[in-house]
Number of protein chains: 4
Amino acid sequence: MGGTMDGTRQRRRGDTRQRIQDVALELFAEQGYEKTSLREIAERLEVTKAALYYHFKTKEEILVGIFEDLTRPVDDLVAWGREQPHTLETKREILRRYEAALSAAAPLFRFMQENQATVRELRIGDSFKERMLGLRDILIDPEADLVDQVRCASAMFTLHAGMFVLRDLDGDPGEKREAVLEVAIDLVTQAHRGTGRP
Amino acid sequence: MGGTMDGTRQRRRGDTRQRIQDVALELFAEQGYEKTSLREIAERLEVTKAALYYHFKTKEEILVGIFEDLTRPVDDLVAWGREQPHTLETKREILRRYEAALSAAAPLFRFMQENQATVRELRIGDSFKERMLGLRDILIDPEADLVDQVRCASAMFTLHAGMFVLRDLDGDPGEKREAVLEVAIDLVTQAHRGTGRP
Amino acid sequence: MGGTMDGTRQRRRGDTRQRIQDVALELFAEQGYEKTSLREIAERLEVTKAALYYHFKTKEEILVGIFEDLTRPVDDLVAWGREQPHTLETKREILRRYEAALSAAAPLFRFMQENQATVRELRIGDSFKERMLGLRDILIDPEADLVDQVRCASAMFTLHAGMFVLRDLDGDPGEKREAVLEVAIDLVTQAHRGTGRP
Amino acid sequence: MGGTMDGTRQRRRGDTRQRIQDVALELFAEQGYEKTSLREIAERLEVTKAALYYHFKTKEEILVGIFEDLTRPVDDLVAWGREQPHTLETKREILRRYEAALSAAAPLFRFMQENQATVRELRIGDSFKERMLGLRDILIDPEADLVDQVRCASAMFTLHAGMFVLRDLDGDPGEKREAVLEVAIDLVTQAHRGTGRP
DNA sequence: CATGAATGAGGATTCATTCAT
DNA sequence: TATGAATGAATCCTCATTCAT
């Protein structure tokens, strides 16, 4: 049952908590939150279900842990954004950084996107919505033309969906990312035309 | 326990199947597919779980039924689109009609969007993906610039997400729909600039 | 697995709910509430655990059901007592009837006595306490001498404990019941001496 | 996290065993034995569950420890009683001393009373029953009238139940204790009338 | 058309206990 | 003296599904 003296066991010491989160995220992203059972997670880690409970109080807490660890960059981004002037360049920079954050934690964000109904009921649902609204408030100017507001929202959707839906489009991943970002930036830029702002 | 002679019961005769689908969709959209139990559906209809099984072979079949009933328009749209020349005007028309189809069956599409992980594992997952790819093939020109391909994809995301995410933006629903459609059409139009096509 | 054509199975139809309560009470009284698992109850009935849940929403509800069925007489007794004048004869009659009620549902009351800590946390705890206080208010005169108040309380304890603790004293059960009742009545009678009341 | 140099931690050294027992008894009495988990005890003491196992071999042993420490007086009482002549005065003295013992270890006896079903299955169940029978043999004369035997038993019930049930009766605790004792002694005294004994 | 009764599989969670350090 | 990490067995409960009536 699992390596004995070859280091496998050794290295497992102390990092079990992390390993649980890794495996859990993998399975959550693959099959969805509800369809992933703690039994499955435990089996893949070659530990017992009870071991999971040593590290996390509930199934939900496992997800919360992952979420908190991985979304800090977005948190910081929102905080940073709030303090910047709402110029076009700020918005572009927001999109660039946001794209980077999404890419860095792609599995989590894929999970969030594909399990919205579930996430909404969970503790993280609110935190997440708040972040989204934070970004929205920075990107969208409430006094702009409605169509331009939609353009900015659309820039976000593009980033979100682009990450995952474009996987089955062929082409170099790096190039695709760049293309997605370009379209998003373009949308925000167009939204700024006509306003007399910088 | 349900009216007797006042018509409530009467009208219920024969349309139970439909009523099941209505309630099911309502709950699926509200709470997600997995978190909605047959018990819940049955209770809300004031029938027994067994009654559901008289009308549908499995829980999944309930969803399949809803899906088939409500996505025929999209099916037809794809079929129609395939026979049209891939001109810009065709694409615009596709977007217009697609937007209309989404609006007409908003709860279902909201459900599909928020339960992607679940839907993927279900029988309807494939049908749905096929339709999506059908639309994509019409909207996206594989020989176009990558950025322009993304623009077309983005037009679809905008339609999808715009439907639901914009609900908490204030403004007249009709106007919002129009704005969303305009942005989508705009994206497709931009994607056509530069190509020497009509 | 249980008789097939000999009537055992037949008779089981329809009375499963009652059979669950019977077996449950038996086990609750024997081993305590917490130490009795639903698995055990189900096994003894040769049904599945899930069958129990068809008839009762929770483990606690099984007990609630038993309790409600079996304590109605005490309920009625309290109601009756409240409308009587607080004379000595009323009190004697209360004790007589209470003793009868306890005997009629001996296993339940034994259970209640031996699982007070558990019962207190359960939904029935309050109902039960209320009944007890109801009886107390009838039996105990708050203006009487403290010692006489204790005498009346003691009459109740005697009835309660007498039922069960005296099981291992030898002698005819009927005679023992009578003796217990006599002591209880005696206590109440003594408590009345000295008061100028009837 | 627990004082460091202020004496709190200091004083804790060495008396952990006692502190475990104190907290355990508190919780056992409050919630019952089964519903009190070692986790809970450990948490309240700000130690780990494993620490409990350093001091006690099992959960049951914690209770055994408490029991042995606190019931020695009753033990002694029984031993003393056995060597006395079975006179009325002896019985009165037994009741007086027993009442004192119960009061001194009220939480434990409250626990025993409210968790009879549990205690019966535990190792201490037998020891306890033995003590009770010891007292009974001293108080009850097997050749006496059945009613008088019940009177003596009732004296014990009164002491037991009086301790706890009378808590919500108002009045000075000291006076209540005296009243309870008086009733108990009275019962035993009455049981002696008619016998030609001293 | 629909129900009442039941099942089998599986869910998350909790517990007392162990043991190397 | 204690802890950190883990286990195995059990818990209550829920679910989709079945079938005789």
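Throughout, a chain's letter reflects where its sequence line sits, starting with A, and its residues are numbered from 1.
Between the P atom of F/dC15 and the OH atom of B/Y33 lies a distance of 13 Å, rounded to the nearest Å. Atom C1' of nucleotide F/dT3 and atom OH of A/Y54 are separated by 8 Å, given to the nearest angstrom. Between the CG atom of A/L52 and the P atom of F/dG8 there is a distance of 13 Å, rounded to whole Å. Straight-line distance from the CD1 atom of D/I41 to the C1' atom of E/dT14: 15 Å, rounded to whole Å. E/dT13 atom P lies 16 Å from atom CD of A/E40, rounded to whole Å. Between C/E34 atom CD and E/dC15 atom C1' the separation is 13 Å, expressed in whole Å. In this structure, the CD atom of D/E61 is 10 Å from the P atom of E/dT17, given to the nearest Å.
Looking only at distances, a side-chain donor or acceptor of B/T36 sits under 3.5 Å from a matching main-chain atom of B/L27. Of the possible polar contacts, none joining the B/R123 side chain to the B/L63 backbone as a donor-acceptor pair under 3.5 Å is found. Without hydrogens or angle criteria, B/K35 side chain to A/A117 main chain gives no donor-acceptor distance under 3.5 Å.
Remark on DNA chain E: of its neighbouring residues A/A50 and C/H55, the 5'-side contact belongs to C/H55, judged by nearest-heavy-atom nucleotide.
Taking a cutoff of 4.0 Å between a charged side-chain nitrogen and a carboxylate oxygen, A/E68 and A/R72 do not qualify as a salt bridge.
For the salt bridge (Lys or Arg N to Asp or Glu O under 4.0 Å) criterion with A/E26, the lone passing option out of A/R19, A/R110, A/R44 is A/R44.
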Next on the checklist: Show me the dot-bracket string of DNA chain E, counting Watson-Crick or G-U pairs under 3.5 Å, with | for pairs to another strand and [ ] for crossing ones.
Outcome noted: .||||||||||||||||||||
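With a 4.5 Å cut-off on side-chain heavy atoms, B/N115 and B/F28 do not count as touching.
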